[in-house]
Amino acid sequence: MASQTLLLRGGRVLRTGGARPDRIDVAIGADGRIERLGPNLQASAGAKVFDLGDKLVSPGLVDCHQHLDKTRTLRDVPNPAGTLLGAVAAFNDYAARITPESLRKRADRTVSACLARGTVAIRTHANVDPVLRGRAVDMLVDLRERWRDRMRIQVVAFVTAGATRLGDTAKEWLDSAIAAGADVIGGTPAISDQPEAFMDMLFDAAERHGMPVDLHLDEHLDAGRQLFDAVIARTKARGMAGRVAVGHCSALSAMAPDDAKRVIAGFAEAGIAVITLPAANLFLQGREAPALPPRGLTRVRELIEAGVCVAAASDNIQDPFVPTGTGDMLEIARWTLLAGHLTTAELDRAYAMVTQAPAATMGFGREYGIHEGARADLMVSDADDVEDLVASGPPVQAVLLEGRLTFGSM
């Protein structure tokens, strides 16, 4: 909670629904919420006033798909093949050596880098598997609590690897992870020997605990092996519109146009959000192609135009799945625009994919954005506007979480 009222004066404010920034002031209450927006606002008694000198005030960036249990393990976990299976095998070999101290050091460094680049919220997956069981969830729940005043973090209990084939044992591990404080239920159904039964287990747990679902879905390029329809059917049957997200969906790009169009319409009707992960999909997918290797991304443009909520996210940062990564969501927006074949007129779409769309995917609703009543989770930069933010990625000057200055200065 903000300890005192603030007045941000003299900035150009990108308020919710606005196409261009407005020269208005932002009054933030002691509860960390935006109280007033308008020109020439009077400071309330005791308010701290900041003159922003024409800087851009925009909502903080949101990264709705990371793996903080794996982050910055690249030096210790090589993946010479550069494939998804190679990365999974390499990390499984390493997982037993993870300690709370080593994970804390790696994850703190990545979260700090994300904050310095304007991110105010992260959803991280935490492996639930035969090696780690619930240890990764425990460690990332601890991370969430330590960072609570500086970053909003959601932890996904991510049932993966051999746990996808362990039935009741996996269910017990998942229930324990939920009891330990996980916020979201996730998993990788494509690697299960009974993928639909595995999905039923995840959706049953979500219904039982009133939690959202976030799946890694069809992270491959085999059009004949897809689980899109199964996820759509379960989301509809359980009335979970707006509470299911699916990451990757690479196989959608390999499907025939009419089949892909049907799946996309199903996502839109069911209210399923899609998260594209350009870094991982560009690095891991298509290496076996003898010519014209595919990008590996899902059908970004078609999904957006059909009304699906489409977010872009970092996925892995400097580990066997993705050897690069800075924590910069504006960089991810650029990669999505380029690899997703958006046009020169769609920088604003790329920006929405790292702001409004992931905020909606994480369930923030009207709490997010710049309007009266929203949380003051803000970024201050030297950008001209949305297009400049994505195209240029100017340095972030300051970040606020609930009206508290968490990075930089104003």
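For clarity, every value in this text was computed on a predicted model and none was experimentally measured.
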Original post:
Taking C-beta and beyond as the side chain, do Val390 and Arg334 meet within less than 4.5 Å on heavy atoms?
Top reply: yes
**OP:** Show your reasoning for whether salt bridge (charged side-chain N to carboxylate O under 4.0 Å, His left out) applies to Asp204 and Lys171.
**Re:** CA-CA 10 Å; Asp204 286 346; Lys171 177 180 176 296; over 6 Å; no
Original post:
Under 4.0 Å between a Lys/Arg side-chain N and an Asp/Glu carboxylate O for Glu305 and Arg349?
Top reply: yes
**OP:** Please work out whether the ring planes of His248 and His216 are parallel, tilted or perpendicular, with thresholds of 30° and 60°.
**Re:** tilted
**OP:** Run the numbers on Glu331 and Arg117 for salt bridge (charged side-chain N to carboxylate O under 4.0 Å, His left out), then give the verdict.
**Re:** CA-CA 10 Å; Glu331 179 182 22; Arg117 290 163 175 83; over 6 Å; no
Original post:
So, do Phe50 and Leu6 sit near enough that their side-chain heavy atoms are less than 4.5 Å apart?
Top reply: yes
Original post:
Under 4.0 Å between a Lys/Arg side-chain N and an Asp/Glu carboxylate O for Arg262 and Asp229?
Top reply: yes
Original post:
Between Arg152 and Tyr368, is NZ or CZ placed under 6.0 angstrom from the six-membered ring centre and within 45° of the ring axis?
Top reply: no
Subject >> Thr83 side, atom OG1; Leu284 side, atom CG - distance, nearest 0.5 Å >> reply: 7.5 Å
Original post:
When Arg123 is tested against each of Asp63, Asp315, Asp214, Asp183 for salt bridge (Lys or Arg N to Asp or Glu O under 4.0 Å), which residue passes?
Top reply: Asp214
Original post:
Taking atom types as modelled and ignoring hydrogens, do the side chains of Trp147 and Asp108 form a donor-acceptor contact shorter than 3.5 angstrom?
Top reply: yes
Original post:
So do Asn281 and Arg295 actually touch side chain to side chain, heavy atoms under 4.5 Å?
Top reply: no
Subject >> Check: Thr110/Arg72 side-chain N/O donor and acceptor closer than 3.5 Å >> reply: yes
